[in-house]
Novice: 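Input: one structure, supplied below.
The figures here come from the full heavy-atom set of this structure, side chains too, leaving out hydrogens, waters and symmetry mates. Throughout, residue positions are numbered sequentially from 1 according to the sequence presented.
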Amino acid sequence: MSNAPDVLTLGETMVALRGNGPLKLGGSMEVSVAGAESNVAIGLSRLGHAVRWAGAVGDDEAGELVLRTLRAEGVDVGAATRDPSAPTGLLLFEPRLPDVTRVHYYRAGSAGSRLTPDAVDAAFAAGAPRVLHLTGITPALGPSAAEACRRALGLARDHGTQVCLDVNFRSRLWSCDEASAELRDWLPHVDVLIASDDELPLCLPPSPSSETEPEKTLLAGGIRELVVKLGSRGATVHTADGTLHSPARQVHAVDAVGAGDAFVAGYLSALLDGADVATRLDRAITTGAFAVASRGDWEGAPTRRELTLLSAAAGTVVR
C-alpha cells in the first residue's frame, strides 16, 4: 500500500496566542497553533485529502501542541522533526479595531527557521506527493529553511510532482528585493502560482512589458495557472485558455486571518479532484468565505459535506 500523500507542504507552525484587546493591558488569551502551510494542510485534510506536513518544532511542550493538533486534524506529521536546541515559535494576535488585527512574531532562531533539507528528503522518501505546496514565508525564515525549499523543488521535478506556490509575502521577514531574488528562481518549477494582486510584481522579471501585462508574462514563462486573490473582490484565474473571475461570497466577516490559506486549500482540493477551473475557483472562494466567517486561522475550515452550507437561507437550522 502506497504511503504517498496527495499533498506535501512544509514550513513553520507556531503556538498562537489570541488576545481580546491591547496586549499592553493584559487580560486573557486563547491558545492555539498557526502557520500558513499547516492551515492549508488542515483545510485539505478536512476536505478528505491525504496531507503530509514537514516542519520542525522545538523539543518542548509548545512543539507537542503543534504536533498533537495536526495529528488530531488528520495531517501526517511523520516527517516532522523535533529540534532540542531551538524553541517552537510564538505568534501573538492583538485585535485593535473591529477590522484591524496586529500580529507579533517571536520566531527568530526558532526550530521552524532551522528546517533542514534532510527533513524534505525524508518526506519524499516516505512517498512522493501528487502536489508540493510551498509559500514565500518558509524561505524567508533563514538559510536552512530556504535550502529545504530548494531541495523540495528539485525532488518535485525528479518525481513529476506538481508544484503550487503561494507567494504570501511577509515584509517583517524579508524585503521585496530579497523575496524577488529567491522566488523568481523558483518559477521555472512552479505549475500553479497563487498571489494577491500586489504580490505579482515580486515574481516578474525586471522589464517594462512584464509590468504592463504581468499575467501574460508569467504564463509565457511557464506558469500553468495564475490565481490572483483579490480579497473582498473575489479572485481571478489566468490560464492559456483564458481568464475566469469569481466574486467573493457574501458572508458576515468575523476574522480575515487565514482566509488566504483556506482559499488555497479549496483550490488545491478541487485540482486534486480533477475539477475544471470554474469549479476550482468556486471551491476556493467558498472555503475562503468559511474562514472569514469564523475566528481563528484554521478552526472554521469546512468539511466536504459542509461546503453547501453557505447556500442555506439565513436562519436555517440544520437538523
Novice: Just by modelled atom types, is the Met14 backbone N or O under 3.5 Å from a matching donor or acceptor in the Arg107 side chain?
Specialist: no
Novice: Using modelled atom types and a 3.5 Å cut-off, is there a donor and acceptor pairing between side-chain atoms of Thr287 and backbone atoms of Ala262?
Specialist: yes
Novice: Going only through I, L, V, M, F, W and Y residues with side-chain contacts under 4.5 Å, is there a path from Val40 to Val192?
Specialist: yes
Novice: Counting only N and O atoms by type, is there a donor-acceptor contact under 3.5 Å from the side chain of His133 to the main-chain atoms of Ala265?
Specialist: no
Novice: How far apart are the C-alpha atoms of Asp241 and Thr239, what are their side-chain angles, what is the distance that settles it, and do they pass the side chain to side chain donor-acceptor pair (under 3.5 Å) test?
Specialist: CA-CA 5 Å; Asp241 295 326; Thr239 69; 4.5 Å; no
Novice: Going by an N to O cut-off under 4.0 Å, is there a salt bridge joining Asp282 and Arg249?
Specialist: yes
Novice: Do Trp174 and Leu165 belong together in a cluster built from hydrophobic side chains that touch within less than 4.5 Å?
Specialist: yes
Novice: Is Leu23 reachable from Val15 through a run of I, L, V, M, F, W or Y residues, each pair having side-chain heavy atoms under 4.5 Å apart?
Specialist: yes
Novice: Between Leu230 and Val167, is there shared hydrophobic-cluster membership here, with clusters defined by ILVMFWY side-chain heavy atoms closer than 4.5 Å?
Specialist: yes
Novice: In terms of hydrophobic clustering (I, L, V, M, F, W, Y; side-chain heavy atoms under 4.5 Å; direct or indirect links), are Val264 and Leu271 co-clustered?
Specialist: yes
Novice: Is there a donor-acceptor pair under 3.5 Å between the side chain of Glu215 and the backbone N or O of Glu213?
Specialist: no
Novice: Any heavy-atom pair between the side chains of Met29 and Glu94 that's under 4.5 Å?
Specialist: no
Novice: Donor-acceptor pair, distance only, cut-off 3.5 Å: does the side chain of Thr243 make one with the backbone of His238?
Specialist: no
Novice: When Leu132 is tested against each of Val190, Val7, Asp191, Leu10 for side chain to side chain contact (heavy atoms under 4.5 Å, CB included), which residue passes?
Specialist: Leu10
Novice: Any salt bridge linking Arg46 with Glu306? Criterion: basic side-chain nitrogen under 4.0 Å from a carboxylate oxygen.
Specialist: no
Novice: Any salt bridge linking Asp185 with Arg150? Criterion: basic side-chain nitrogen under 4.0 Å from a carboxylate oxygen.
Specialist: no
Novice: Checking the side chain of Thr88 only, and the main-chain atoms of Gly58 only, is there a donor and an acceptor separated by less than 3.5 Å?
Specialist: yes
Novice: Ignoring hydrogens, what is the shortest heavy-atom contact between Leu187 and Cys203? Give both atom names and the distance.
Specialist: CD1-O, 3.0 Å
